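Below you'll find the structure, written out as structure tokens, and then a few comments.
Residue numbers start from 1 in every chain, and the chains themselves are labelled A, B, ... in the order their sequence lines are given, proteins ahead of strands. Predicted model only: the values in this text are computed from it and were never measured.
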Amino acid sequence: MEYQDKITTKKLLHIALFSSIALVLSYLERFIFLPLPIPGLKLGIANIAVLSCMITIDFKSAAVVAIIKSLLSVFLFSKGSALLYSLPATIVSLFVMGFIIFKTGDRFSEVGASVLGSVSFNMTQIIIAANIIRDFSLLYILPYMNILSVFTGVFIGYASKFLKEAIYKRGIL
Amino acid sequence: MKCSLINGKLLDVLRGIEDMKKWDMLIIFFVILFNVFLAISFATNVNKTSNKKAIVRVDGNPVEEILLQEDEKVYNIETEYGKNVLLVIDRTIRVIEASCPDKLDVKQGPISKVGERIICLPNHLVIEIISDEEVELDGISR
């Protein structure tokens, strides 16, 4: 639609809202303790905001939300070096989710997009980390992380699906 | 007692879970399958590539280096203090016979991890497991 390509005040407001939701979620995520022996595994609930922004508005807005979330959450809550891992992983998973949602027709639902997004996020992150510290034994935890990220991905997918339904039901967008 | 959650919202949520699409199921199934396969192949690969050695020392001097291998092999260590018979099997090593009076080394059973030791004090014998890389590092530092 023609309306989609313009930046209207309404759209700007929605992008800002989703970005703030993503930031708050990525802050809350730090307090969720996962009783798992693998270091660095997160639930990824901030992805709820990115994914539901993608399915309710469009890809470009979701990209803005994801990059704002990635940059600001690193600068606000953790060390700057984490940007090296998280920003490329965010961009890769963004494109994977966008491809699944917009280019594969009606085959996948949000759950499939979320699962593939979180798996690609993991893989990018671990491959970059292994390249930085030059220790490829790090890749051995990749399959375990991927299997766990399938479950978190299903959870995130359903969460953003319910959020989308709630948004449509209340006519917010 | 009326439980409004089960009557109302929980049922809606459960109904929502049913409508996962076929391709979602497929992709989840394949991702899990692929990663289980990857995990298994990694796990078996690690065991093959990591060569561990047992170093047998008497009075601190290495008398024998034993590669921990799959196949059964018996080593006789005879010194002026006594005799020990070592058995290597399934990448573990154990003492099966000893001339010492207390037989603590025989009772200890098999060891297989890097850093584990069997010590036979009467025979002045120490069996320590090291990895191959450590041997190389030792060679460089010497």
Where on B:Ile27 is there a heavy atom nearer than 4.5 Å to chain A: the side chain, the backbone, both, or neither?
side chain
Consider only side-chain N and O atoms of B:Tyr75 and B:Asn84, and report whether a donor and an acceptor are under 3.5 Å apart.
no
Heavy-atom pair of closest approach, residues A:Ser52 and A:Leu163
OG-CD2, 3.4 Å
Can B:Arg117 and B:Glu128 be counted as an ion pair, charged N to O under 4.0 angstrom?
yes
Close contacts, residues 65-73 of chain A versus chain B, judged by heavy atoms under 4.5 Å
none
Which region of A:Ile100, side chain (C-beta onward) or backbone (N, CA, C, O), has a non-hydrogen atom less than 4.5 Å from a non-hydrogen atom of chain B, or is it both or neither?
neither
Extract all donor-acceptor atom pairs below 3.5 Å that involve side chains of residues 23-34 of chain A and protein atoms in other chains or at least two apart in sequence.
| unit_1 | atom_1 | unit_2 | atom_2 | d |
| --- | --- | --- | --- | --- |
| A:Ser26 | OG | A:Ala22 | O | 3.4 |
| A:Ser26 | OG | A:Leu23 | O | 3.0 |
| A:Glu29 | OE2 | A:Gly44 | N | 2.4 |
| A:Glu29 | OE2 | A:Ile45 | N | 2.8 |
| A:Arg30 | NH1 | A:Phe77 | O | 3.3 |
| A:Arg30 | NH2 | A:Phe77 | O | 3.4 |

Hey, are A:Lys11 and A:Asp58 close enough for a salt bridge, meaning a charged N less than 4.0 Å from a carboxylate O?
yes
Ranking B:Ile28, B:Val36, B:Val31 by heavy-atom pairs under 4.5 Å to chain A gives rank one to B:Ile28
Under the side chain to side chain contact (heavy atoms under 4.5 Å, CB included) test against A:Phe18, which residue among A:Thr56, A:Leu13, A:Val50, A:Ile48 passes?
A:Thr56
Does the separation of the ring centres of B:Phe30 and B:Phe37 fall below 6.0 angstrom?
no
Matching residue for A:Ile127 among A:Val92, A:Asn122, A:Leu139 - test: side chain to side chain contact (heavy atoms under 4.5 Å, CB included):
A:Leu139
Which residue out of A:Val154, A:Val119, A:Asp106 racks up the most heavy-atom pairs below 4.5 Å with chain B?
A:Asp106
